[in-house]
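One structure below.
By convention in this document, chain letters (A, B, ...) are assigned in the order of the sequence lines, proteins followed by strands, and residues within each chain are numbered from 1.
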2 protein chains.
Amino acid sequence: MPRSEIPLDDIDHDLLAVLQRDADQTLGALGEQVGLSPSAVQRRITRLKKHGVIARTVVELAPEATSDLILAVCVVTLDRESNERHERFQQRLLNAPEVQQIYMVSGDWDYVVVFATHGMAHHNEVTGRLLSDAPNVRRYTTLFVLKPVRTGNALPTR
Amino acid sequence: MPRSEIPLDDIDHDLLAVLQRDADQTLGALGEQVGLSPSAVQRRITRLKKHGVIARTVVELAPEATSDLILAVCVVTLDRESNERHERFQQRLLNAPEVQQIYMVSGDWDYVVVFATHGMAHHNEVTGRLLSDAPNVRRYTTLFVLKPVRTGNALPTR
DNA sequence: TCTGAAAGTTTTCATCC
DNA sequence: GGATGAAAACTTTCAGA
């Protein structure tokens, strides 16, 4: 999917907002919410996917339904600023399915990483391998999630 | 959707892993990946939704396709530990569409909050209103996202 | 109890206006 | 953007393992 810039009108914005909350609806139901016929909705969705505005469609699991789920936010600083080191660090994290999110950030820390694991043993194994025993991690701090008040990846579109 | 605990077998786990990456596939295509007929796949998905394992289906937007997107991770500490204050704080954040994620955490900070806004002016307006000018926020620090290396909400299911 | 296949229904897709 | 018919997908039912 290419991702050239395309203009979005009000209806596109409405449609994207709806789809980011619930994409499990028929074109007719979506049409009612944005004031369009099913075929018009279909045309717009096709266009939004084609131009890469809509990156993908996924299901989200209920955190409560995942047994022994431990969510943790780790802030990480690497040893030195070096592109190669950053690349390697990112690649290691990307290869781990327990790494839910990775953000490179500015300021005192280099990265914010969200881990999703099953139980403390699993958490320790994963963060140990990816952070404690990593060659280029200078320091990191773990913030254990007591309650995921809101999750999701919804982006404002205007 | 109720969320009583239900047993998941290997095929359920495979199916959930696939759906968390890409839910925009036909039952037949899904069936091929997990080794089941389309109707069997459909039955399992229905069951997983009914029991709340699958919370919802959503589209994810490409961050690059969102104009002037600013992502920021804020760590926040409230003035005092009080259930009522926490409730109010959470509710204010939940009402803001620019608040993408909220995690209550243990340790030196009380919350990790991810903001998604359009441009610095918007970012400052939102964090000003929700954090700086909030009555019960003691302090907070902002980590601006330079690069979202991985996003998503995929949870490991086993 | 769960599967696979077939029938019936709904939705989606492509073309037309 | 809306409407229509054709194609595809989904849902249900049923027989068998």
*Within less than 4.0 Å of OP1 or OP2 of D:dC10, is there a side-chain N or O belonging to B:Q42?*
no
*asked:* Reading DNA chain C from 5' onward, which residue's closest nucleotide shows up sooner: A:P38 or B:S39?
replied: B:S39
*Could you please name the option among C:dT11, D:dA9, C:dC2 that lies closest to any side-chain atom of B:T26?*
D:dA9
_Candidates C:dA14, D:dC10, D:dG2 - which lies nearest the side chain of A:L36_ = D:dG2
*Separation of A:I70 CD1 from A:H123 NE2 (nearest 0.5 Å)*: 7.0 Å
*Could you state the atom-to-atom distance from CG of A:L27 to P of D:dG2 in whole Å?*
13 Å
*Nearest to the side chain of B:A40, which nucleotide is it out of D:dG2, C:dA5, C:dT3?*
C:dT3
*Could you tell me the separation between the CG atom of A:D24 and the P atom of C:dT12, rounded to a whole number of Å?*
10 Å
*Taking 4.0 angstrom as the limit, do B:D110 and B:R138 come out as a salt bridge?*
no
*Using whole Å, report how far CD1 of B:I6 lies from P of C:dC2.*
11 Å
*Verify side-chain contact (heavy atoms from CB on, under 4.5 Å) between A:V58 and B:L19, making sure each step is shown before the conclusion.*
CA-CA 6 Å; A:V58 296; B:L19 288 172; over 6 Å; no
*Do B:F89 and B:L78 come within less than 4.5 Å of each other through their side chains, counting heavy atoms only?*
yes
*asked:* What is the separation between atom CG on B:D10 and atom C1' on C:dC2, rounded to the nearest whole Å?
replied: 16 Å
*Nearest-angstrom distance from the residue atom CD of A:Q25 to C1' of D:dC10*: 17 Å
*Whole Å only: how far is the CG atom of B:L30 from the P atom of C:dT3?*
15 Å
*asked:* Looking at B:D9 and B:R44, is any side-chain nitrogen of the basic one under 4.0 Å from a carboxylate oxygen of the acidic one?
replied: yes
*Interatomic distance, B:R43 CZ vs D:dT13 P [rounded to whole Å]*: 12 Å
*Take atom CD1 of B:I45 and atom P of D:dC10, then tell me their distance rounded to the nearest Å.*
8 Å
_Just to be sure I understand the rule, does B:R47 reach a base, reach only the sugar-phosphate, or reach nothing, if contact means heavy atoms closer than 4.0 Å?_
nothing
